[in-house]
Amino acid sequence: MNGGLRILYAAGPGDVLGTYLRWKTGSDDPSQVNMTLSGMFFDICRTHGDSAYVISSCVRPGRIQDGRFTIEHRKTLFQTSSGLRYHFGQIWTALRLLASAIRFRADVAVIVCGTAHWFPMRLFKLFGIKVVASLHCTLWRKYRPPRGVTRLVRRLNRPFFTKTVTGVLSMSHDITSQLAEMTRGRHKPVEQFLPTYRRDAFEGISEPLPGQRPFRVFFAGRIERDKGVFDLLEIAKRFKAEKRDDVIIDVCGSGNALADLKAEVEAAGVGDRLICHGYANRSYMREMYSRSHVVIVPTTTDFIEGFNQVVAEAVLAGRPVITSDVCPAVHYLRDAVVEVPPDNARAYGDAIIQLADDAEFYRSKCVARVQLQAPFYDLAYGWSAALEKAMEGIRAVSGSKDRKNVEARSSLVAGNPL
């Protein structure tokens with residue numbers, strides 16, 4: 001194909017400027033364990049000779065233009081607001097994105113969920129711009145059907161997925177199921193994908209020793225109430241009362257609730273049982289995985305999960321996981337997971353005790369992880385492969401138009417106008 005496509009990519013909140021600069025040198029983003037979607041996107045553009053306008057909602061301002069690539073950080077209006085201000089910001093962001101696509105003369109827009117409300121993006125079709133939607137989160141909280149304005153927005157979004165989009169990328173079975181429910185099964189084709197990792201990200205992590213004490217439980221992620229971190233505090237208090245001095249919970253991450261968690265840990269006198277390490281880079285995470293016996297992911301029903309990559313990363317690091325089906329990753333990794341009911345700190349604590357005290361049960365979960373790892377190292381299951389498949393038809397049509405234009409120009413040159 002002559003010249004490739006012109007693609008607008010709305011990439012979510014990541015630091016795409018930093019990723020692009022590292023991608024040019026052939027290196028990965030050191031802040032991410034998985035392969036970044038923007039890095040995969042740049043690879044696709046390079047392969048096909050595409051021109052790209054990449055827009056992120058990263059709060060750090062910046063813009064560069066480098067050959068066929070334009071990269072911009074553009075803050076979303078009223079992103080942290082609520083009520084009508086939030087919804088106005090979502091609609092305004094969608095319209096501004098459309099204006100950028102028109103100015104860029106985009107053939108296709110690849111849009112990651114969370115960029116803006118979907119329903120205003122039906123206007124892309126009026127300007128002949130194909131849309132591929134990339135869904136990384138469930139469309140609503142799994143155990144809490146949408147109500148009020150959220151329900152209205154879902155209804156307004158339905159025609160976008162039944163009539164506007166060319167294709168949909170879905171990060172999990174749960175997302176695809178909700179999409180089918182919302183559209184009554186009339187959605188456009190869906191390509192599912194898994195997060196992708198390089199093998200060297202987990203090489204050198206030591207094997208866990210089930211009989212070793214203390215038994216270390218590892219939490220990694222945002223320190224927010226809806227991520228279940230205060231359930232960890234309840235578990236630590238319970239173990240103190242039961243004199244389970246052989247269990248330590250390590251918490252790595254930053255977030256809005258970190259200061260509150262630290263204060264409550266100190267007030268409860270469990271600082272020797274629940275240790276807050278703060279933000280951890282990739283090398284520190286490797287160290288924490290090597291020290292841990294099990295990873296815990298206590299996400300609550302208040303949070304909208306799309307997959308929860310920590311579950312996959314724990315399995316790749318050779319650790320069993322304790323979590324609930326609020327995390328869609330359970331669907332793919334169940335044999336390595338101890339599944340408990342959501343929002344149940346008692347059940348999470350019981351699962352820790354079972355893994356700590358039953359060496360055979362612990363080993364069975366460790367063995368199970370071996371056969372589950374391969375798809376997460378295989379690009380054929382990843383986002384780039386799903387995007388390539390979703391865009392096959394777009395590229396075929398564009399290629400056909402290019403061939404017709406070449407034939408028309410050749411005929412004119414030969415003195416045989418069509």
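Here the structure is a predicted model, which means the values were calculated and not measured.
The environment of Y381 atom OH is sparse: at most 12 non-hydrogen atoms of other residues, nucleotides or ligands sit within 6.0 angstrom. Around CZ of R46, the count of heavy atoms belonging to other residues, nucleotides or ligands within 6.0 Å exceeds 12. Within a 6.0 Å radius of CZ in R60, other residues, nucleotides and ligands contribute more than 12 heavy atoms. In this structure, R151 places its CZ atom where only 12 or fewer heavy-atom neighbours from other residues, nucleotides or ligands lie under 6.0 Å away. Atom CZ of R105 sits in a sparse spot, with 12 or fewer heavy atoms from other residues, nucleotides or ligands closer than 6.0 Å. Annotation: L84, atom CG; neighbour count of heavy atoms from other residues, nucleotides and ligands within 6.0 Å does not exceed 12.
Between the side chain of E266 and the main chain of G271, no donor-acceptor pair closer than 3.5 Å is present. S27 contributes no side-chain N or O that, together with a main-chain N or O of W23, makes up a donor-acceptor pair within less than 3.5 Å. In terms of modelled atom types and a separation under 3.5 Å, the side chain of R319 and the main chain of Y289 share a donor-acceptor contact. The closest donor-acceptor contact from the side chain of S170 to the backbone of L135 lies at 3.5 Å or more, if one exists at all. Here the side chain of T300 pairs a donor or acceptor atom with the backbone of D226 at under 3.5 angstrom. Side chain of Q178 to main chain of L139: a donor-acceptor pair is present (N/O by atom type, distance under 3.5 Å, no hydrogens or angles). No donor-acceptor distance shorter than 3.5 angstrom exists from the side chain of D200 to the backbone of E203, with no hydrogens or angles considered. A distance-only check finds no donor-acceptor pair linking the side chain of D250 to the backbone of F218 [under 3.5 Å]. Here the side chain of D343 pairs a donor or acceptor atom with the backbone of T301 at under 3.5 angstrom. Distance alone, capped at 3.5 Å, places no donor-acceptor pair between the S57 side chain and the R74 backbone.
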Practice prompt. Give the C-alpha distance, both sets of side-chain angles, the deciding distance and a yes or no for side-chain contact (heavy atoms from CB on, under 4.5 Å) between L95 and L123.
Written response: CA-CA 9 Å; L95 296 177; L123 295 171; 3.7 Å; yes
Item to complete: Apply side-chain contact (heavy atoms from CB on, under 4.5 Å) to V217 and I322, showing your working.
Response: CA-CA 10 Å; V217 181; I322 304 170; 5.5 Å; no
Fill in: CA sep, side-chain torsions, deciding dist, call: L316, R199, side-chain contact (heavy atoms from CB on, under 4.5 Å)
CA-CA 9 Å; L316 295 178; R199 288 187 180 275; over 6 Å; no
Worksheet item: Are F376 and V315 close enough, and set up right, to give a side-chain contact (heavy atoms from CB on, under 4.5 Å), and what steps lead you there?
Response: CA-CA 10 Å; F376 297 94; V315 172; over 6 Å; no
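Y362 and H293 have perpendicular rings, their planes meeting at more than 60° on a 0 to 90° scale where under 30° would count as parallel. In this structure, H87 and H117 have parallel ring planes: the angle between them is below the 30° cut-off, well short of the 60° mark.
Checked for salt-bridge contact, R244 and D246 meet the test: a charged N lies under 4.0 Å from a carboxylate O. Contact check on E305 versus K227 returns a salt bridge, with a Lys/Arg side-chain nitrogen under 4.0 Å from an Asp/Glu carboxylate oxygen. By the 4.0 Å N-to-carboxylate-O rule, E392 lies too far from K389 to be salt-bridged with it. Using a 4.0 Å cut-off between a side-chain N of Lys or Arg and a carboxylate O of Asp or Glu, K365 and D358 do not qualify as a salt bridge. Residues R141 and D302 are paired through a salt bridge, judged by an N-O separation under 4.0 Å between the basic side chain and the carboxylate.
The aromatic ring centres of H277 and F219 sit 6.0 Å or more apart. Remark: aromatic rings of F307 and W383 are distant, center separation not under 6.0 Å.
One finds the CZ atom of R213 at 11.5 Å from the CD1 atom of I248 (value rounded to the nearest 0.5 Å). To the nearest 0.5 Å, the span separating OG on S384 from CZ on F42 amounts to 13.5 Å. Note that CZ of R198 is 10.5 Å distant from CG of N34, once rounded to the nearest 0.5 Å. Within the model, atoms CD1 of I111 and CZ of F124 stand 4.5 Å from one another, a figure rounded to the nearest 0.5 Å. Interatomic distance, CD of E287 versus CZ of R291, reported as 6.0 Å (0.5 Å rounding). Note: I71 CD1 to Y53 OH = 10.0 Å, rounded to the nearest 0.5 Å.
For the residue pair V165 and A133, the shortest heavy atom distance occurs at CG1-CB, 4.2 Å. The two atoms that bring I44 and D50 nearest to each other are O-OD2, 3.9 Å, heavy atoms only. Summarising the geometry of A220 relative to M285, their closest heavy-atom pair is CB-CE, 3.6 Å, with the distance given to 0.1 Å. Closest approach of H73 to V16, counting heavy atoms only: NE2-N, 3.3 Å. The two residues C252 and M288 have their closest heavy-atom pair at SG-CG, 3.8 Å. Here the shortest heavy-atom pairing between K142 and D325 reads NZ-O, 2.8 Å.
Side-chain contact between M182 and W140: present, with at least one pair of heavy atoms (C-beta onward) separated by less than 4.5 Å. Taking the side chain as every heavy atom from C-beta outward, L77 and R96 never approach each other to under 4.5 Å. For the pair T166/K188, no side-chain contact is recorded, criterion being any heavy-atom separation below 4.5 Å from C-beta on. Considering only heavy atoms from C-beta on, F361 comes within 4.5 Å of V338 through its side chain. Counting heavy atoms from C-beta on, the side chains of S172 and Y332 come closer than 4.5 Å. Contact check for V321 versus L333: no side-chain heavy atoms found under the 4.5 Å cut-off. L387 is not listed as a side-chain neighbour of F193, based on a closest heavy-atom distance of 4.5 Å or more. Using a 4.5 Å heavy-atom cutoff, the side chains of P320 and C366 are in contact.
When only modelled atom types and interatomic distance are considered, T19 and T36 share no side-chain donor-acceptor pair under 3.5 Å. Of the N and O atoms on the side chains of H136 and Q309, not one donor lies less than 3.5 Å from an acceptor on the other residue. Side-chain polar atoms of D174 and T138 form no donor-acceptor pair below 3.5 angstrom.
The residue from K237, R346, R273 that alone fulfils the salt bridge (charged side-chain N to carboxylate O under 4.0 Å, His left out) condition with E242 is R346.
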